[in-house]
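Side chains included, hydrogens not; waters and symmetry mates left out as well; all remaining heavy atoms used. Read the numbers this way: they start at 1 and go in the same order the structure lists the ligands and their atoms. Just so it is clear, the structure is predicted and the values come from calculations on it, not from any experiment.
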Amino acid sequence: MKISLIQFEPQLGNIQANIDAIAHLLDESESHLYVLPELANSGYNFDSKEQAFNYSESVDNSIFLDYLKAEAINRNTFFVTGFCERDDDKLYNSSVLIGPNGIIGIYRKLHLFLNEKDIFEPGDKGLPVFDTPLGKIGMLICFDWMFPEAWRHLALKGAQIIAHPSNLVLPYCQKVMPSYSLINRCFIATCNRIGTEKNLTFTGQSVIADINGDVLVEGTMDKSQLISADIDLSLALNKSITNRNNAFEDRRTDVYGNLNSMLDD
Ligand code: ACM
């Protein structure tokens with residue numbers, strides 16, 4: 001299958017400009033799965049919770065998601081997008097998985113970064129993995145990268161690919177992310193944004209890594225672009241790393257415990 005990352009510069013509070021930027025890049029590749037950045041509908045660096053509220057949408061009433069749902073039908077494809085989500089009086093920094101039949105699932109960011117703590121509620125939907133015709137898809141958002149438990153949890157639940165919408169400002173994630181691919185023997189697709197919003201400059205360099213931790217494709221630091229790779233998700237079903245070593249079966253959970261008690265959500 002072909003996967004594409006749509007690296008662009010979301011405009012704060014301008015949903016139509018963000019749709020137009022995505023539409024402009026979408027035609028460059030016919031892909032089975034497209035991944036967009038964190039908060040792709042709204043932009044990132046809000047002045048206040050009130051401003052974020054004004055720029056948010058609910059999942060059931062969203063111009064932005066309606067656009068992606070229509071494209072998923074027209075192109076018979078899947079999207080993972082970051083989404084500034086309103087749910088009654090609460091805001092979540094969310095990621096939405098969309099397919100030709102509509103919304104498949106939502107993940108809400110667990111680990112909030114800097115001022116996000118003043119704006120968003122921490123995620124309350126656990127770490128779901130969604131079974132799709134493409135394969136099993138998990139999602140994390142940006143600063144979740146810092147927590148290896150989250151990647152491991154999704155991999156243990158069977159995620160063959162982890163889509164990772166991001167608005168990265170620190171220079172570390174792109175370094176560590178291929179290692180998470182390698183140790184979990186799954187694909188990871190980090191789609192980062194570019195540009196500057198007030199005091200924050202985002203670092204681009206979106207990346208797709210394979211089960212060996214090899215970087216298949218990497219974006220620039222500062223250009224809007226679509227980057228793609230052909231991947232075989234079935235490779236992520238095999239956790240062996242030698243004929244006598246298996247990344248999951250060889251774990252010494254008797255010594256350091258395991259995450260299995262949390263795998264039911
Ligand atoms: C981040 O979590 N947006 C850095």
Check: Which of the atoms in ligand 1, numbered in the order shown and given with their element, are less than 4.0 Å from a heavy-atom of Phe143?
Finding: 1 (C), 2 (O)

Notebook entry, point to check: Can you find a heavy atom in the side chain of Glu197 that is under 4.5 Å from one in the side chain of Leu12?
Noted result: yes

Notebook entry, point to check: Are Phe46 and Phe53 close enough that their ring centres sit under 6.0 Å apart?
Noted result: no

Next item on the list: Show which atoms of ligand 1 fall inside a sub-4.0 Å distance from at least one heavy-atom site of Glu116.
Entry: 1 (C), 2 (O), 3 (N)

Margin query: Using a 4.0 Å cut-off to any heavy atom of Phe113, which atoms of ligand 1 qualify?
Written below: 1 (C), 2 (O), 4 (C)

Check: Looking at CG of Leu65 and CD1 of Ile15, how far apart are the two atoms once the value is rounded to the nearest 0.5 Å?
Finding: 9.0 Å

Notebook entry, point to check: Side-chain contact, heavy-atom cut-off 4.5 Å: Asp66 with Lys69?
Noted result: yes

Notebook entry, point to check: Heavy-atom contact under 4.0 Å between Tyr44 and ligand 1?
Noted result: yes

Item checked: Sub-4.5 Å side-chain heavy-atom contact between Asn167 and Phe113 -> no

Item checked: Numbering as shown, the atoms of ligand 1 that approach Glu38 to under 4.0 Å (heavy-atom distance) -> 1 (C), 3 (N)

Check: Does an N or O anywhere in Cys142 fall below 3.5 Å from an N or O of ligand 1?
Finding: no

Note to self: Considering non-hydrogen atoms of the protein only, which is the closest contact for atom 2 (O) of ligand 1, and what is the distance?
What the structure shows: Lys109 NZ, 2.7 Å

Next item on the list: For the residue pair Ser95 and Thr81, establish whether any side-chain heavy-atom pair is separated by less than 4.5 Å.
Entry: no

